[in-house]
Amino acid sequence: MYVLSAIASLATLGLILGWILAVAAKYLKVETNPIVQELEALMPGSQCGQCGYPGCKPAAEALARGEALVTLCPPGGSALAEQFAVLLGISVDLSGFEEPEILIAKVSEATCTGCTRCFKVCPTDAIVGAPKQIHTVVADACIGCRKCVDVCPTECLQMHRPELTLRNWRWHKPSGQPAGAAA
Amino acid sequence: MIALLQSLRIRGGIHVNEHKQATAGLPIDDSFPLPKRLYIPLQQHVGKPAEPVVRVGDTVFKGQLLAHSQGLISAPVHAPSSGTVADIAEYPAPHPSALPIRTVFLDTDGTDTVQSGESATDPFTLEPEEISLRVASAGVVGLGGATFPSAVKLNLGRQNKIHTLLINGGECEPYLTCDDRLMQENAAEIVDGIRIMLHGMETGRAMVGIEDNKPEALKAMRTAANFHPNIEICKIPTRYPMGWDRQLIRYLTGREVPAGGRATDVGVLMHNVATAYAIHQAIRYGRPLIDRVVTVAGGAVANPKNVRVPIGTLISEVLVFCGADKTRTGRWVMGGPMMGEALPFADVPVVKATSGVLALTGSEVKQGEEQPCIRCARCISVCPAGLLPVDMANRIRNNRLEAAVDIGLKDCISCGSCSYVCPSNIPLVHYFKFAAGELAARQQAKHKSEQTSKLIDERNKRMERIEKQKAEELAQARAAKEQSEKADTTI
């Protein structure tokens, strides 16, 4: 008899607690905006902070709240701004948008002491080197976050324009906009 | 009636002022003096650049391999004459930007010493794969201007079991007559090249399309192909851009290559007549592609003609040879005036793609003020790809590139017909080239951001691993210390 009442009371307790948990899950759910995740997925994800937010997630949250412009991400450029606009369902006029100039870091070999500080902070492992050896930046992997520039004790890391080659040379946009041109 | 039906097969196109009469009647000039120094770029083809196998100071024979191909789509580069390798360094490329490209500087010794070549064999006893290999090692690329490695194309033809090989003798660009002259003077060699290609692709039939403004070339080719019933010489109407492969395919076979597809999708493949000649030279005599016929013309040229010049000759030297007046030149163009590249200066080398060198006077270069569009729709009626150039340009002007892609930007071949007929001088093709470059840049940026997130991911994982390892080591050290302390106390 004692055994049966124990089973019954424990089962009842379980059911009641389960029900409370189910109700709590429904009504006390912490809202995360799914669009934030989608926005964050589009971003470069290097947490470089060039937008003024401490990382890509806070920037995505600000975008979702409508506090930031779609053109906030310099490494993403206008292509990313277009994708943001599509996702947020807003129309954006990029005709006056100046493509932000992407600069990449370059080691001046004359002043590099091989202190290894720069490649320890590089978020994309774009700097290669060894202690007391001259370091170098792999231009294709550099995202221009300037973290290395800040830590370099000899100021041998400077930001430069990427070298123009036959591979990345492009035709400029025709400048002429005739008067009264139909858009 | 049949002619009428066939003319329906031509979409768009324009009748341009040909400017061919100055050079079409003159024989190819073989008397070009060997330059003291040749500048041979290591990338003269679509694909990966060639990798040098010679070193500075090496003496090379004419036809010796300078750089071997790397990767699946690439082509080797050979020495156009004998001499010494003076340097391997950067030199301006024959490109509108004149940005540097890796180049072999060859000081010629004037003797033109040839390396003892491979003994000639009957190509029809060779395996088809062997033909491709030999064409590849001779550095033959598409000489119509696209410079796609020919051997890769032969393999594509064999793998896709094409039914007809099309040979492009259209030469629809104004001014250019190098293919015309080649057909007139070397018809038998071209036909032999076509037969070798057919053998290499295991294909039975070939059709050669020649525009009806080249009656002499037509006659010569018909005579040469007389005993080869599987090679049909077809007269095609003179209408730019008839030499565009899809236009020619549509006209000769009646099949339409689907957008985004390849010629092999409709069972054909196209090569240029000059490529056929180069393949004949490569297979019959083991001669790599080290020289080519270049049309030198334009209003500023006193003696326009076709000249056979070694690859790597400076364009400025070829122009001086033909009496070009630098002061009267308004623009230098490599290739034809419709699709060629404007050059900022002429001290750049002749490459495999250089079909023509034009020194145009100011009056020959259209330089009108851009006016508003008057909606005449001429650009639409001449577009051979059936696109709406004016609409695409407007979308690009307003930075709506995706919208321009939606209406077929990627099918534009930059043939220049729309810009040519536009009465308002709207630089339509310039818009399309800008947009194509911008799309490529975005593609690259997207690729980079994907790579970046991969790199960051890897780094984070590594950092975690290192942290964990450190923690473990710390714990182990602590345990060891405790144990030794315990041992101390027990003693």
Side-chain angles (χ1 to χ4, degrees), chain A residues 40-48 56 73 75-83 85-86 91-97 99 102 104 119-126 138-145 162-183, chain B residues 41 43 49 90 93 95-102 369-375 390 393-402 424-460 462-463:
Chain A
E40 199 193 342
L42 286 175
M43 287 179 172
S46 59
Q47 327 295 343
C48 70
C56 292
C73 181
S78 62
L80 189 62
E82 241 172 50
Q83 284 177 304
V86 170
S91 67
V92 61
D93 179 27
L94 292 171
S95 55
F97 180 67
E99 203 72 36
I102 302 287
I104 56 170
F119 74 69
K120 283 182 185 154
V121 297
C122 179
T124 59
D125 287 333
V138 180
D140 282 345
C142 177
I143 51 163
C145 70
E163 203 185 339
L164 193 64
T165 62
L166 283 172
R167 240 181 85 224
N168 60 21
W169 182 87
R170 311 274 180 234
W171 284 98
H172 64 89
K173 193 176 176 182
S175 52
Q177 183 124 21
Chain B
Q43 180 158 27
E90 306 266 284
H95 186 263
S97 68
L99 281 165
I101 188 169
R102 213 158 163 226
E369 183 88 357
E370 189 185 338
Q371 302 286 323
C373 174
I374 56 164
R375 303 268 159 190
V390 57
N394 275 338
R395 288 176 187 210
I396 295 163
R397 203 199 318 259
N398 294 310
N399 284 341
R400 291 169 59 218
L401 295 194
E402 293 303 324
S424 294
N425 297 321
I426 299 172
L428 292 156
V429 173
H430 191 160
Y431 277 109
F432 308 147
K433 284 200 165 180
F434 154 73
E438 191 57 33
L439 287 172
R442 284 188 190 179
Q443 189 62 39
Q444 262 179 16
K446 201 176 150 209
H447 179 73
K448 184 169 175 177
S449 95
E450 278 168 16
Q451 291 299 112
T452 303
S453 37
K454 227 182 258 173
L455 283 171
I456 291 167
D457 224 40
E458 292 283 316
R459 186 186 148 88
N460 290 346
R462 194 183 67 226
M463 288 300 173

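The sequence lines fix the lettering, A, B, ..., with proteins before strands; numbering per chain opens at 1.
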Per-residue contact mode, B:Gln444 against chain A (heavy atom under 4.5 angstrom)
side chain

Shortest non-hydrogen contact from B:Pro100 toward A:Leu166
O-CD1, 4.0 Å

If you round to the nearest 0.5 Å, how far is CD1 of A:Ile143 from CG of B:Leu455?
9.5 Å

Are B:Asn399 and A:Lys173 close enough that some pair of their side-chain heavy atoms sits under 4.5 Å apart?
yes

Between CZ of A:Arg167 and CD of B:Gln43, what distance do you get to the nearest 0.5 Å?
10.5 Å

Distance, nearest 0.5 Å, that separates NZ of B:Lys454 from OG1 of A:Thr124
14.0 Å

Heavy-atom cut-off 4.5 Å, strictly under: side chain, backbone, both or neither for B:Arg400 against chain A?
neither

Give me the atom names and distance for the closest heavy-atom approach of A:Pro123 to B:Ile456.
O-CG1, 3.4 Å

Residue pair B:Leu99 / A:Leu164: nearest heavy atoms and the distance that separates them:
CD2-O, 3.7 Å

Are more than 12 heavy atoms, taken from residues, nucleotides or ligands other than B:Gln443, located less than 6.0 Å from that residue's CD atom?
no

Honestly, the part of B:Ala440 sitting under 4.5 Å from a heavy atom of chain A is both

Give, as side chain, backbone, both or neither, the part of B:His95 having an atom under 4.5 angstrom from any heavy atom of chain A.
side chain

Identify the two heavy atoms, one from A:Trp171 and one from B:Phe434, that lie closest to each other, and give their separation to 0.1 Å.
O-CD1, 3.4 Å

Pick one of side chain, backbone, both or neither for B:Ala441, based on which atoms fall under 4.5 Å of a heavy atom in chain A.
both

Is it true that atom CD of B:Gln451 has more than 12 heavy atoms of other residues, nucleotides or ligands lying nearer than 6.0 Å?
yes

Per-residue contact mode, B:Glu369 against chain A (heavy atom under 4.5 angstrom)
neither

Taking all atoms of both residues into account, what is the closest heavy-atom pair of A:Asp125 and B:Arg462, and its distance?
OD2-NH1, 2.9 Å

Would you say the side-chain atoms of B:Lys433 pair up with the backbone N or O of A:Arg170, donor to acceptor, closer than 3.5 Å?
no

